[in-house]
Amino acid sequence: MKFAFPLLLGVALLASPAAAQTGGNAMSATTISLGTATPGGGFPLYGNAFAEVMNAADGSLTIAPRNTKGSNENIPLLEKGELDLALVAGEPAYEAFAGIGRAKVALKILTAIYSNPGMFVVRADSPYKTIHDLVGQPVAFGARGSGLPILSRYVLDGLGLKQDEDFKAVYLDRAGDGPAMVEDGRVAALWGAGLGWPGFAAVATSPSGARFIAPDAAEIARIRAKHAFLKPLTVPAGSYPNQSEPIASLGSWSFVLTREDLPDDVAYRLAKTLHGAEATFCKKLAQACETTAANTVAAAPKLELIHPGVMKYFREIGVVK
């Protein structure tokens, strides 16, 4: 029951069943590793805020964020025990739990973090108005290894489009590189997802400003007819500068996943600390307002995918029976 992240000198490990049975005391002064993604994206922003709130709420607990290549690297790192926790986008999580293109994972959900309505952003003076207008154009679909290109593939497939054939697809080495490419015209659009996503905020606050392109109602219905796991989601008005109207789109929920053998008492304490600090987390980061126990229960594909230690806490607070 070792922790994947190197522990500080003198830190106690949960090295035996006897230690695990001591409950909360076993976790004193313990460091937990948290995989995020490349700098400039939504996962590092969220992960750093998550760590700050958790560490402040429990002084003996240290969450240590670590930049990775994103969801597609985080899943195998969790499986190998090289991370304790990691942020994983909804589509890679869906594929991993279902065994699509790989063996099913035995990872568990610690919490749902936020919903991810997907859409494109273009310069405010761009001639492109619809998704089909972007066909044949250079489009940045997100960082290599992140979940964003997977979400866009499902969305475009639902419209009969192929990401790497119908567009001049660009994949970023760093998520934060995309906004400048929109601003200087190297790409016609940047694909992203979520509320408060840094890439969208950066384009919206650039000198040229931003306009968003999402599937229309008929396209959303067409996409969901083929990929029903994608859910209708809305970006509320005011989520980004000069966004005066809500934007209807679709997507899924991202999660904090845990390695399979994370001890139950550790997961319980993490859940109790996190959800006891929901209001503080919401004040610190707008998109963290969606990180609630109720949303985790609603977003999990199956309740058995939620870590047993988390479920114990959820039963105590009455979120599940």
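Any value given below was found using the heavy atoms of this structure, including those in side chains, with hydrogens, waters and symmetry copies removed.
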State plainly whether the residues [X] and [Y] are in salt-bridge range, i.e. N to O under 4.0 Å.
{"X": "Asp264", "Y": "Lys312", "result": "no"}
{"X": "Asp58", "Y": "Lys272", "result": "no"}
{"X": "Asp157", "Y": "Lys162", "result": "no"}
{"X": "Arg102", "Y": "Glu79", "result": "yes"}

Testing the basics here: between [X] and [Y], what is the closest heavy-atom pair and its distance to 0.1 Å?
{"X": "Asp173", "Y": "Arg144", "value": "OD1-NE, 3.4 Å"}
{"X": "Thr258", "Y": "His307", "value": "OG1-CD2, 3.5 Å"}
{"X": "Ser254", "Y": "Gly90", "value": "OG-N, 3.8 Å"}
{"X": "Asp164", "Y": "Ala169", "value": "OD1-CB, 3.5 Å"}
{"X": "Ile213", "Y": "Ile131", "value": "CG2-N, 3.6 Å"}
{"X": "Ile63", "Y": "Met54", "value": "CG1-CB, 3.9 Å"}

Donor-acceptor pair, [X] side chain versus [Y] backbone, under 3.5 Å?
{"X": "Arg123", "Y": "Glu183", "value": "yes"}
{"X": "Arg66", "Y": "Ser33", "value": "no"}
{"X": "Trp191", "Y": "Leu148", "value": "yes"}
{"X": "Thr68", "Y": "Asn74", "value": "no"}
{"X": "Arg211", "Y": "Val121", "value": "no"}
{"X": "Glu290", "Y": "Ser115", "value": "yes"}
{"X": "Gln243", "Y": "Tyr240", "value": "yes"}
{"X": "Ser152", "Y": "Phe141", "value": "no"}
{"X": "Glu73", "Y": "Gly70", "value": "no"}
{"X": "Asn295", "Y": "Thr291", "value": "no"}

Can you give each donor-acceptor pair under 3.5 Å made by side-chain atoms of residues 174-181, sequence neighbours left out, with the distance rounded to 0.1 Å?
none

Do the side-chain N and O atoms of [X] and [Y] include a donor-acceptor pair separated by under 3.5 angstrom?
{"X": "Tyr171", "Y": "Gln163", "answer": "yes"}
{"X": "Ser60", "Y": "Arg269", "answer": "yes"}
{"X": "Tyr128", "Y": "Gln137", "answer": "yes"}
{"X": "Asn55", "Y": "Thr62", "answer": "no"}

Parallel, tilted or perpendicular: which one describes the rings of Tyr313 and Tyr268, with boundaries at 30° and 60°?
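Taking Tyr268 first and then Tyr313, their aromatic rings stand perpendicular (interplane angle over 60°).
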Where does the angle between the aromatic ring planes of Tyr114 and Phe43 fall among parallel (under 30°), tilted (30 to 60°) and perpendicular (over 60°)?
tilted
Pair Phe120 and Phe200, ring centroids less than 6.0 Å apart:
no
Show your reasoning for whether side chain to side chain contact (heavy atoms under 4.5 Å, CB included) applies to Phe167 and Leu161.
CA-CA 9 Å; Phe167 303 85; Leu161 297 171; 4.0 Å; yes
Atom NZ in Lys231, atom CZ in Arg224: separation rounded to 0.5 Å?
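The distance works out to 5.5 Å.
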Pair Tyr94, Phe255 - check ring pair (Phe, Tyr, Trp, His ring centres under 6.0 Å), show working.
CA-CA 11 Å; Tyr94 164 76; Phe255 299 99; over 10 Å; no
Stepwise, does the side chain to side chain contact (heavy atoms under 4.5 Å, CB included) test hold for Leu195 with Val235?
CA-CA 7 Å; Leu195 309 182; Val235 180; 4.0 Å; yes
